[in-house]
Amino acid sequence: MKQQLEEIKKRALQALDDASSPNALEELRVKLLGKKGELTAVLKQMGKLSAEERPVMGQLANSVRAAIEARLEERKSAIHAAALEAKLAAEAIDVTIPGEPVSLGKQHPMNQVLQEAKEIFIGMGYTVVDGPEIELADYNFTRLNIEEGHPSRDRSDTFYFDDDDKVLLRTQTSPMQIRVMEKMQPPIRIVAPGRVYRKDEADATHSPMFHQIEGLVVDEGITMGDLKGALETLVKRLYGEDAVVRFRPHHFPFTEPSCEVDMQCFKCRGTGDVGGQVCSTCHGEGWIELLGAGMVHPDVLEGCGIDSAKYSGFAFGIGVERMAMGRLRINDLRLIFDNDVRFLQQF
Ligand code: DAH
């Protein structure tokens with residue numbers, strides 16, 4: 001029996017040393033120490049022993065059990081420690097690996113061109129002013145001679161805030177003309193850049209939100225020649241001396257006479273055709289409308305308390321995104337608003 005016990009101890013300790021998982025240890029515990037375990041089986045034979053042998057074997061059996069239990073605990077913590085170490089090693093962060101560089105942003109291309117235009121105007125003596133995007137219909141339309149029932153006042157074109165069509169998202173920066181003339185007497189020479197809103201479907205040259213730069217010059221003896229000079233200076237500084245633009249008669253209720261200025265389409269070079277297809281940038285027109293302008297209507301001046309017998313003025317409203325398209329050779333206006341970094345990084 002002594003030999004049997006020694007044998008059990010030897011095998012048990014070896015098996016415990018070989019076990020490598022908590023589950024394997026638990027199985028061994030049951031097998032070695034459990035009610036149906038090997039040790040128990042040997043102890044059951046104690047009855048057959050003589051009275052002298054019994055306490056000796058009892059002691060031996062207890063020491064075998066104690067040795068197995070001790071080794072079991074030892075192995076349990078060793079396996080646990082090894083698992084923990086493996087987990088820590090797997091999750092270790094190597095603080096010496098260089099970090100991901102933070103990419104630096106820069107000014108949006110639309111704002112780059114807006115900034116250029118502002119600087120050109122400042123160079124010509126203009127002051128830059130700012131005004132509200134939420135505007136009264138009175139300023140956006142009525143005081144600009146745009147009477148009730150005019151199509152641009154329609155709810156299908158304009159975002160109104162109320163049911164009686166009094167407050168709206170400005171559809172143009174032209175109400176800034178009224179806001180400035182209400183406060184100032186001539187000489188006036190301002191530009192007012194900002195966002196405007198229209199219920200337009202987005203396409204290559206339209207967006208429901210876009211930017212305009214309003215310009216207003218009022219003084220004694222201002223003529224259409226001054227208007228042409230100012231706008232040509234802008235266009236040549238932005239696009240180069242050989243830029244092709246055209247002035248075309250038009251109608252605006254708040255200017256008389258009025259005109260529109262187009263730039264030749266840079267994509268199809270004015271032909272309206274790209275490889276046998278209708279040019280998608282100018283819709284085959286060959287020209288891209290850049291701005292509206294004209295001599296400030298006397299009624300608009302008078303409505304702001306400016307003597308139209310003494311003073312005259314010109315005004316213009318430039319589409320900033322269209323201007324940026326020509327300046328940066330962007331063939332679809334939607335790209336300007338998508339804010340895809342791959343696009344923006346090019347400028
Ligand atoms: N506000 C006009 C528009 O959005 C553009 C415009 C035309 C502005 C003539 C002006 C102007 O100042 O004189 O279509």
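The first residue in the sequence is number 1, and the count goes up from there. Whatever order the structure lists ligands and atoms in, that order sets their numbers, starting from 1.
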Check: His206/Asp203 side-chain N/O donor and acceptor closer than 3.5 Å
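Short answer, yes.
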Is a salt bridge present between [X] and [Y], judged by a nitrogen-to-oxygen distance below 4.0 Å?
X      : Y      : result
Arg29  : Glu26  : yes
Asp138 : Lys166 : no
Lys10  : Glu7   : no
Glu116 : Arg237 : no

Centres of the Phe316 and Phe254 rings: under 6.0 Å?
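When the ring centroids of Phe316 and Phe254 are compared, they turn out to be at least 6.0 Å apart.
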What are the distances between nitrogen or oxygen atoms of ligand 1 and protein nitrogen or oxygen atoms, counting only those under 3.5 Å?
residue	atom	partner	partner atom	Å
ligand 1	1 (N)	Gln172	OE1	2.6
ligand 1	1 (N)	Ser174	OG	2.9
ligand 1	4 (O)	Arg198	NH2	2.7
ligand 1	4 (O)	Gln212	NE2	2.9
ligand 1	12 (O)	Gln177	NE2	2.9
ligand 1	12 (O)	Glu214	OE2	2.6
ligand 1	12 (O)	Phe316	N	3.2
ligand 1	12 (O)	Phe316	O	3.3
ligand 1	13 (O)	Ala315	O	3.1

